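The sequence lines fix the lettering, A, B, ..., with proteins before strands; numbering per chain opens at 1. Computed from a predicted model, the values in this text were never measured in an experiment.
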Amino acid sequence: MSTIPSGLKYTQSHEWIELADDDTATIGITDHAQSLLGDLVYVEIPDVGQDVAAAEACAVVESVKAASDIYSPFSGEVLEANEELADTPELINTDPYDAGWIFKVRYHNKADLDELMDADAYAEFAAKEDH
Amino acid sequence: MGKHTPLYQNHVNMSGKMVDFAGWDMPIHYGSQIEEHHHVRKDAGMFDVSHMTVIDMRGPQVRTFLKQLLANNVDKLSTPGKALYSCMLNENGCVIDDLITYHMADDWFRTVVNASTRDKDLAWITRHAQPFDVQVEVQDLLAMIAVQGPCARDKALSVMDKTLREKAQALQPFFAVSHADFFVARTGYTGEDGFEILLPAAAAPAFWDKLANAGVKPCGLGSRDTLRLEAGMSLYGTDMDENISPLEAGLSWTIAWEPENRNFIGREALANFKNSTKYKFVGLILEGKGVLRNHQKVLMEGIGEGEITSGTFSPTLGHAIALARVPKKTGKNCLVEIRNKRVPARVVKPVFVRNGKSCID
């Protein structure tokens, strides 16, 4: 069974989002997603300062098997991206919710948050997708 | 639900992540594809390849039949037990399948073909066997386990009974031997030494567990693919198919042009291609960042375009590699289009790793 921490928010494209108090959020992919992808070998992170639109592909994670787009859940500006992933993409496999974070965004539109799922809703969503 | 090999329950018990492959439920990995890959390069791994199709062909004219059916020449098989890799071509000189044929006896050859091509292969072989009165029989009650890696032979030998062990131990590369219900071949698809073992389906689960207890790591189809790609071995349906001639798929070495009067299927079309091929088959090593993937476009300025037929991340070399079909004039460098960016790559011979060692300068 994959881990789904209760304090985070989730998307249907299997990103997790940690919301901070200052209208910023950290984004990564879920344990469920990394287990579907298998061993990660390459991550393309967004540029710091880059503007992103909600539901726009702004990073790519590649496993031995396949490449997969990572979508920004929000419109906003990229504040930071995880440079560690360039040399150690496997952090996403071993520690998807912490060391394997991908990028941070300052979001412009609070309404974007309404689209996100909580842990229970995501658990149900991921289980359904398995069948 | 797909078809199950005799080892299905073993895979589930060992936490194999099961996926569909050509209608079969097969393990893609048992945790980490990359660890499995390294284990085969450094020690010993085993693959369930029971989904592949084993076809026995028997009759006094079987050799004459195979000389017509295959682009390689079974007359290279003079001693029982010897194996031959060949393409089976259509009349257009393109590839119906690639296969291994074992010489079992004067009137008996055994062929292993791909799982994904089973039905069309059987139809083709049966049709062409008829005039030679050759009996074509699929061996569906056999399982097949490939044990591969520098320690694979020793570990596999340790779980065989005495007579089989002595026979298998004496095998030269590309030879096979039978004992009781077991058939052991010193062949493989990883670029490492090892065995491919055919055995009765009923005996397979216990034999698999014995191999595991002897320290042979179960490996999935994921690492099987990265291992064969590093070894520069072609995959049917990806690197070649019914629209590609072996001359443009890096398989010219498998065509036996001599003797000139051996009229194998596809020979005429192939002979016509021979002086007009536009492409060559090469290896690529990515020099920039990213991962090479099937169907990415390869660009050679002033020369033309090619295509990646198999691309992946090479766990042994630590960067992306690919097999590609490119214009014949291609030199030492090219660009690969990865998500609208052009990334530089080096053109090399299509063999990256053999026997645990890099073949790249």
Q: Side-chain contact test, heavy atoms from C-beta onward, threshold under 4.5 Å: evaluate it for B:T312 versus B:E230 and give yes or no.
A: no

Q: Measure the shortest side-chain to side-chain distance between B:V347 and B:L284 over non-hydrogen atoms and say whether it is less than 4.5 angstrom.
A: yes

Do side-chain atoms of [X] reach the backbone of [Y] as a donor and acceptor pair under 3.5 angstrom?
{"X": "B:Q148", "Y": "B:T187", "answer": "yes"}
{"X": "A:K9", "Y": "A:E115", "answer": "no"}
{"X": "B:N114", "Y": "B:S116", "answer": "no"}
{"X": "A:E62", "Y": "B:G290", "answer": "no"}
{"X": "B:R224", "Y": "B:T190", "answer": "no"}
{"X": "B:D241", "Y": "B:G237", "answer": "no"}

Pair count under 4.5 Å, heavy atoms only, with chain A: among B:T226, B:V19, B:V291, highest is B:V291

Against chain A, residues from residues 22-34 of chain B with at least one heavy atom under 4.5 Å, in numeric order, are B:I28, B:S32, B:Q33, B:I34

Report the relative orientation of the aromatic rings in A:H14 and A:H32; use parallel for angles under 30°, tilted for 30 to 60°, perpendicular for over 60°. tilted

Applying a strict 4.5 Å limit to non-hydrogen atoms, the region of A:V60 in contact with chain B is side chain

When the 4.5 angstrom heavy-atom criterion is applied to A:A66 and chain B, the contacting part is backbone

So, the part of B:K289 with a heavy atom under 4.5 Å from chain A: the answer is both

Practice prompt. Return yes when atom CZ of B:R354 has more than 12 non-hydrogen atoms of other residues, nucleotides or ligands closer than 6.0 Å, and no otherwise.
Written response: yes

By residue number, those in residues 74-106 of chain A with heavy atoms under 4.5 Å from heavy atoms of chain B are A:A86

**Item:** Salt bridge B:E192-B:R41, side-chain N to carboxylate O under 4.0 Å
**Value:** yes

